[in-house]
2 protein chains.
Amino acid sequence: MKKKEVEKIEGCITRLMVIRDAMDVLSGKWKIPIIASLSLKGKMRFMDLIREVDGIAAKMLSKELMSLETNLLIKRTVMNTKPITVEYELTPHGKTLNKIIKEIGDWGVLHRKMIIGK
Amino acid sequence: MKKKEVEKIEGCITRLMVIRDAMDVLSGKWKIPIIASLSLKGKMRFMDLIREVDGIAAKMLSKELMSLETNLLIKRTVMNTKPITVEYELTPHGKTLNKIIKEIGDWGVLHRKMIIGK
DNA sequence: CAGGATCCGTGACGATACTG
DNA sequence: CAGTATCGTCACGGATCCTG
């Protein structure tokens, strides 16, 4: 087998690996919608997210936010107000997801036309 | 409220809606990896996919392929060989996912660097 | 307001064996 | 080879109540 072919095959394998890495961080029902909300609206509080991310329960939101924070995608800021409020926003690294969010949104429009159109 | 502001808010809401539409079709552990494999390698048979999509069980693959076919993303072709073989490939509509796959892959590389780097 | 605690159902996902 | 059948597990996700 030629060197170029080997490289191509290995390229495929690592490509599939990084895709799975990404999906480990992003998969689930809520993570993309949460990130999309923060991406579109910027800084948001817990209650804002409850309202914005349609149908999510507080427990799930809490859990997903923790996961996203652990993966350095969002930043959590506690404000000293009374009662306390908490703000969430995308980190610089979280903002690098914007392209994915955009593509998913664009494709969603396309897909909707496809389904309705037939 | 001005007309432009209304449009912006409605734009956000519908944006989040189409994103959820897209996620309904794409979410889950396996769909993106399956599509990515078909995207990178073109036409594949059931066994090829079992090998390529690392760790998937036959039952899951079968189920996911059905779901993807229902959503018009892949095409299933039964060949009259002995024993029978089946080929799967992306439909034109399925190929419109290439941009998403690319972005996810690119981001996966970035994310890996981010995690290892710290 | 932000969330934790608790209880709970359902389905996603997995391993193995089997069939046309 | 391309699946289906069967059985089992566990975490996703939901509802409700509670607290600093």
Side-chain angles (χ1 to χ4, degrees), chain A residues 16 19-38 41-71 73-90, chain B residues 16 19-38 41-71 73-90:
Chain A
L16 292 173
I19 286 174
R20 290 208 53 181
D21 288 346
M23 293 317 290
D24 284 343
V25 179
L26 300 175
S27 74
K29 188 174 174 179
W30 300 114
K31 294 197 190 70
I32 295 287
I34 290 170
I35 293 166
S37 288
L38 290 171
K41 306 242 177 174
K43 217 171 278 188
M44 293 179 82
R45 293 185 310 171
F46 193 85
M47 263 303 154
D48 295 334
L49 282 165
I50 289 279
R51 270 186 291 270
E52 194 72 15
V53 182
D54 188 56
I56 195 169
K59 186 185 73 172
M60 286 310 299
L61 180 55
S62 173
K63 205 170 62 174
E64 298 293 57
L65 288 172
M66 273 186 220
S67 161
L68 293 173
E69 196 188 357
T70 303
N71 286 302
L73 299 178
I74 62 172
K75 187 176 137 222
R76 180 176 183 275
T77 311
V78 181
M79 319 293 285
N80 21 337
T81 51
K82 32 138 190 155
I84 62 160
T85 57
V86 180
E87 284 183 351
Y88 294 92
E89 62 188 313
L90 293 179
Chain B
L16 292 173
I19 286 173
R20 292 209 51 181
D21 289 346
M23 293 317 290
D24 284 343
V25 179
L26 299 177
S27 73
K29 187 175 177 180
W30 300 113
K31 294 196 189 71
I32 296 286
I34 291 170
I35 294 167
S37 288
L38 290 171
K41 306 245 178 174
K43 218 171 276 189
M44 294 179 82
R45 294 187 309 174
F46 193 85
M47 263 303 155
D48 296 334
L49 282 165
I50 289 278
R51 271 186 291 269
E52 194 72 16
V53 182
D54 188 56
I56 195 169
K59 187 184 74 173
M60 286 309 301
L61 179 55
S62 172
K63 206 172 61 173
E64 298 293 56
L65 288 171
M66 275 186 216
S67 161
L68 294 174
E69 196 187 359
T70 303
N71 286 302
L73 299 178
I74 62 173
K75 187 176 137 220
R76 181 177 182 274
T77 311
V78 181
M79 320 292 286
N80 21 337
T81 51
K82 36 141 186 146
I84 61 161
T85 58
V86 181
E87 283 183 352
Y88 294 92
E89 61 188 315
L90 293 178

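Protein chains get the first letters and strands the later ones, always in sequence-line order, with residue 1 at the start of each. It should be emphasised that the depicted structure is a prediction, and the values quoted were computed from it without experimental measurement.
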- Task: Give the rounded distance in Å between these two atoms: CG of B/Leu61 and P of D/dC1.
- Result: 14 Å
- Query: Checking side chain to side chain contact (heavy atoms under 4.5 Å, CB included) for the pair A/Glu89/A/Thr77: CA distance, chi angles, key distance, verdict?
  - Reply: CA-CA 8 Å; A/Glu89 62 188 313; A/Thr77 311; 4.3 Å; yes
- Between C/dC1 (C1') and A/Asn80 (CG): distance, integer Å: 14 Å
- Task: Quickly work out the A/Leu65 CG to C/dG3 C1' distance and round it to whole Å.
- Result: 11 Å
- Note on the structure: Contacts of B/Asp21 meeting side chain to side chain donor-acceptor pair (under 3.5 Å) (sequence neighbours excluded), chain-then-number -> A/Arg112
- Item | Protein-nucleotide distance (A/Ile50, atom CD1; D/dG13, atom C1'), rounded to Å | 13 Å
- Check every atom of C/dG4, C/dA2, D/dG3 against the side chain of A/Arg76 and return the nucleotide holding the closest atom. C/dA2
- Task: Would you sort out whether A/Lys63 and A/Ser67 count as a side chain to side chain contact (heavy atoms under 4.5 Å, CB included), showing the intermediate values?
- Result: CA-CA 6 Å; A/Lys63 205 170 62 174; A/Ser67 161; over 6 Å; no
- May I ask you to say what A/Met66 touches in the nucleic acid, namely base, sugar-phosphate or nothing, with a heavy-atom cut-off under 4.0 Å? sugar-phosphate
- Item | nucleotides 13-20 of chain C: protein proximity per nucleotide (B base, S sugar-phosphate only, - neither; heavy atom, under 4.0 Å) | BBB-----
- Could you tell me the separation between the CD1 atom of A/Ile34 and the P atom of C/dA2, rounded to a whole number of Å? 14 Å
- Tell me, do B/Lys29 and A/Arg20 make a side-chain contact under 4.5 Å, heavy atoms counted? yes
- Could you walk me through whether B/Leu65 and B/Leu49 pass the side chain to side chain contact (heavy atoms under 4.5 Å, CB included) check? CA-CA 10 Å; B/Leu65 288 171; B/Leu49 282 165; 4.1 Å; yes
- Query: Does C/dG3 have OP1 or OP2 sitting under 4.0 Å from an N or O in the side chain of A/Tyr88?
  - Reply: yes
- Query: Rounded to whole angstrom units, what separation is found between the CZ atom of B/Arg45 and the C1' atom of D/dC1?
  - Reply: 7 Å
- Check whether any side-chain heavy atom of A/Ile34 sits under 4.5 Å from a side-chain heavy atom of A/Ile74, and report yes or no. no
- Note on the structure: When every non-hydrogen atom of B/Leu26 is compared with those of B/Lys31, the smallest separation belongs to O-CB, 3.6 Å
- Under 4.0 Å between a side-chain N/O of A/Ser62 and OP1 or OP2 of C/dG4, yes or no? yes
- Please check if atom CG in B/Asp54 has more than 12 non-hydrogen atoms from other residues, nucleotides or ligands closer than 6.0 Å. no
- Divergence of helical axes at both termini of the helix from C/dC1-D/dG20 to C/dG20-D/dC1 - five pairs an end, 10° steps: 50°
- Give the rounded distance in Å between these two atoms: NZ of B/Lys82 and P of D/dA2. 16 Å
- Query: Sub-3.5 Å donor-acceptor pair from the side chain of B/Ser62 to the main-chain atoms of B/Ala58, do we have one?
  - Reply: no
